[in-house]
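First up is the structure itself, then whatever we jot down about it.
Since we're looking at a predicted model, the values are computed, not measured.
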Amino acid sequence: MSYEMFQVEIENHIASVTFNRPEKANAIHQKGWEEMKAIFEELSERETVRVVVLKSTGKHFCAGIDLSLLMSFQQFTQIDCEGRKREQFLKSVRHLQACVNAIENCRKPVLAAIQGGCIGGGVDVIAACDLRYCTQDAYFTIKEIDMGMVADLGTLQRLPKIIPFGVLSELAYTGRKMDAKEAKNIGLVNQNYDGQVEMLEAVMEIARQIAAKSPLSIRGIKEVLQYAREHSVQDSLQHIQLWNAAMFLSNDLMEAFQSGMEKSAAKFEN
């Protein structure tokens with residue numbers, strides 16, 4: 001798998017997806033968004049992959065949307081018909097949303113390892129991940145307000161289900177930087193670490209733990225958690241009834257039971 005914006009490596013059932021545009025603070029251009037969508041759709045279906053780690057190179061995790069992409073929206077001003085102009089803009093935003101949605105829709109858990117700045121569209125990206133970890137020098141900024149925009153790729157839709165609404169509102173209205181300590185305190189990140197080396201070691205260890213579990217059960221947990229986030233408790237209980245009625249009696253169940261009896265490491269099918 002070869003890409004312009006990303007490096008992708010798969011080893012021991014763990015896919016490492018790395019932002020690789022450090023000279024531009026990993027700002028995502030048009031090709032980068034398209035690659036992101038293709039990568040996570042591919043990893044979602046690749047049987048050998050059980051968990052994904054999203055990380056980056058350079059000083060910053062991600063500076064959000066590349067300004068060249070924002071400037072390209074001016075092309076719509078050349079369309080005479082106002083209806084068609086708005087229709088094309090809507091189509092472009094939907095496409096970018098789909099690129100971020102691919103992370104959330106990936107059937108495997110996605111762990112984000114964040115250092116330095118996570119800005120604008122970078123916050124959209126990590127909001128779509130399942131677990132988030134960061135370094136002590138990390139900071140988070142919903143920068144769109146300082147550009148005269150409303151964030152439209154998922155930050156304002158996903159973060160209310162992750163962090164307190166009042167904190168999110170303040171961040172969105174002011175565009176201020178939130179440091180790693182505050183991010184940990186409000187639950188945006190699971191843990192923060194002194195440096196990138198320590199963070200990646202810890203995150204990869206968590207990824208290894210997940211990869212050693214039943215792949216079918218891990219995929220089921222992600223499905224059930226996401227369903228519960230959007231539905232009532234009663235609806236969610238009915239959903240897990242149907243899920244386990246369909247998936248409970250699996251080879252993974254027997255392997256986990258057998259390995260537990262033998263006190264040995266379970267070996268699951270992909």
Side-chain angles (χ1 to χ4, degrees), residues 1 3 5-20 26 28 35-37 39-58 60-62 99-118 121-140 154-155 158-159 161-163 180 183-184 186-226 229 268 270:
M1 302 169 71
Y3 301 95
M5 175 88 195
F6 296 90
Q7 291 179 341
V8 180
E9 298 175 337
I10 300 173
E11 185 176 2
N12 297 325
H13 304 297
I14 301 171
S16 295
V17 180
T18 308
F19 284 108
N20 191 31
N26 294 312
I28 312 174
E35 288 181 348
M36 179 186 295
K37 183 174 185 291
I39 288 167
F40 280 94
E41 288 178 345
E42 160 71 15
L43 295 178
S44 181
E45 299 304 320
R46 184 171 287 214
E47 291 186 355
T48 55
V49 172
R50 300 181 182 180
V51 60
V52 182
V53 174
L54 179 61
K55 54 193 180 74
S56 66
T57 54
H60 298 291
F61 177 76
C62 178
C99 297
V100 179
N101 292 347
I103 301 174
E104 184 175 73
N105 294 337
C106 179
R107 295 161 62 228
K108 323 301 171 56
V110 181
L111 286 58
I114 305 149
Q115 87 282 355
C118 182
V123 178
D124 292 307
V125 167
I126 66 161
C129 296
D130 298 280
L131 302 172
R132 289 159 293 276
Y133 305 86
C134 74
T135 57
Q136 294 286 7
D137 70 345
Y139 63 89
F140 306 83
T155 288
R158 293 186 172 100
L159 286 192
K161 298 175 173 114
I162 299 173
I163 66 175
K184 171 67 166 57
I186 66 172
L188 178 61
V189 299
N190 292 57
Q191 191 58 266
N192 50 40
Y193 301 91
D194 289 338
Q196 189 177 20
V197 172
E198 295 88 345
M199 174 182 65
L200 290 177
E201 287 177 352
V203 171
M204 291 304 292
E205 174 57 28
I206 295 167
R208 284 189 288 270
Q209 292 178 29
I210 295 172
K213 307 299 184 182
S214 156
L216 186 63
S217 296
I218 291 293
R219 294 194 296 269
I221 289 170
K222 179 162 183 175
E223 160 74 21
V224 170
L225 282 175
Q226 289 187 339
R229 186 182 61 192
F268 297 107
N270 289 327

Check your understanding: Atom SG in Cys106, atom CG in Leu54: separation rounded to 0.5 Å?
Key ->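 Between atom SG of Cys106 and atom CG of Leu54 there are 11.0 Å.
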Exercise for review: Apply the side chain to side chain donor-acceptor pair (under 3.5 Å) test between Asn270 and each candidate in Arg50, Arg46, Glu47; give the one that qualifies.
Suggested key: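 Result for side chain to side chain donor-acceptor pair (under 3.5 Å) with Asn270: Arg50.
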Taking [Y]'s backbone N and O only, do any of them form a donor-acceptor pair with [X]'s side chain (distance below 3.5 Å, no angle check)?
| X | Y | answer |
| --- | --- | --- |
| Lys55 | Leu200 | no |
| Glu35 | Tyr3 | no |
| Gln7 | Ser16 | no |
| Gln226 | Glu104 | yes |
| His13 | Thr48 | yes |
| Asp137 | Gln115 | no |

Practice item. Pick out which of Ile39, Val8, Val17, Ile10 makes a side-chain contact (heavy atoms from CB on, under 4.5 Å) with Val52. Key: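 Among Ile39, Val8, Val17, Ile10, the one that satisfies the side-chain contact (heavy atoms from CB on, under 4.5 Å) with Val52 is Val17.
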Review point. Only one of Ile126, Asn192, Leu188 forms a side-chain contact (heavy atoms from CB on, under 4.5 Å) with Cys134, so which one is it?
Key: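 Answer after filtering Ile126, Asn192, Leu188: Asn192.
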Suppose we screen for salt bridge (Lys or Arg N to Asp or Glu O under 4.0 Å). Which residues come up paired with [X], at least two apart in sequence or across chains?
| X | answer |
| --- | --- |
| Lys161 | Glu230 |
| Lys222 | Asp130 |
| Glu198 | none |
| Glu205 | Arg208 |

Review point. If you measure only the distance, is there a donor-acceptor pair under 3.5 Å linking the side chains of Asn20 and Thr18?
Key: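 Judged by distance alone, the side chains do not pair up.
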Point to revise | With sequence neighbours excluded, residues passing side chain to side chain contact (heavy atoms under 4.5 Å, CB included) with Glu201 | key: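 Result, side chain to side chain contact (heavy atoms under 4.5 Å, CB included) vs Glu201: Val197.
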Review point. Quick one: side chain to side chain contact (heavy atoms under 4.5 Å, CB included) partners of Ile206, sequence neighbours excluded?
Key: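 Applying side chain to side chain contact (heavy atoms under 4.5 Å, CB included) to Ile206 gives Leu111, Tyr133, Ile210.
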**Study point:** Given Glu223, Glu45, Glu42, Glu41, the one that forms salt bridge (charged side-chain N to carboxylate O under 4.0 Å, His left out) with Arg107
**Key:**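 The option that passes is Glu45.
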Review point. How are the rings of Phe61 and Phe19 set relative to one another: parallel (under 30°), tilted (30 to 60°) or perpendicular (over 60°)?
Key: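 Correct class here is perpendicular.
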Check your understanding: What do you reckon, is CD of Gln209 surrounded by more than 12 foreign heavy atoms closer than 6.0 Å?
Key ->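 Enclosed.
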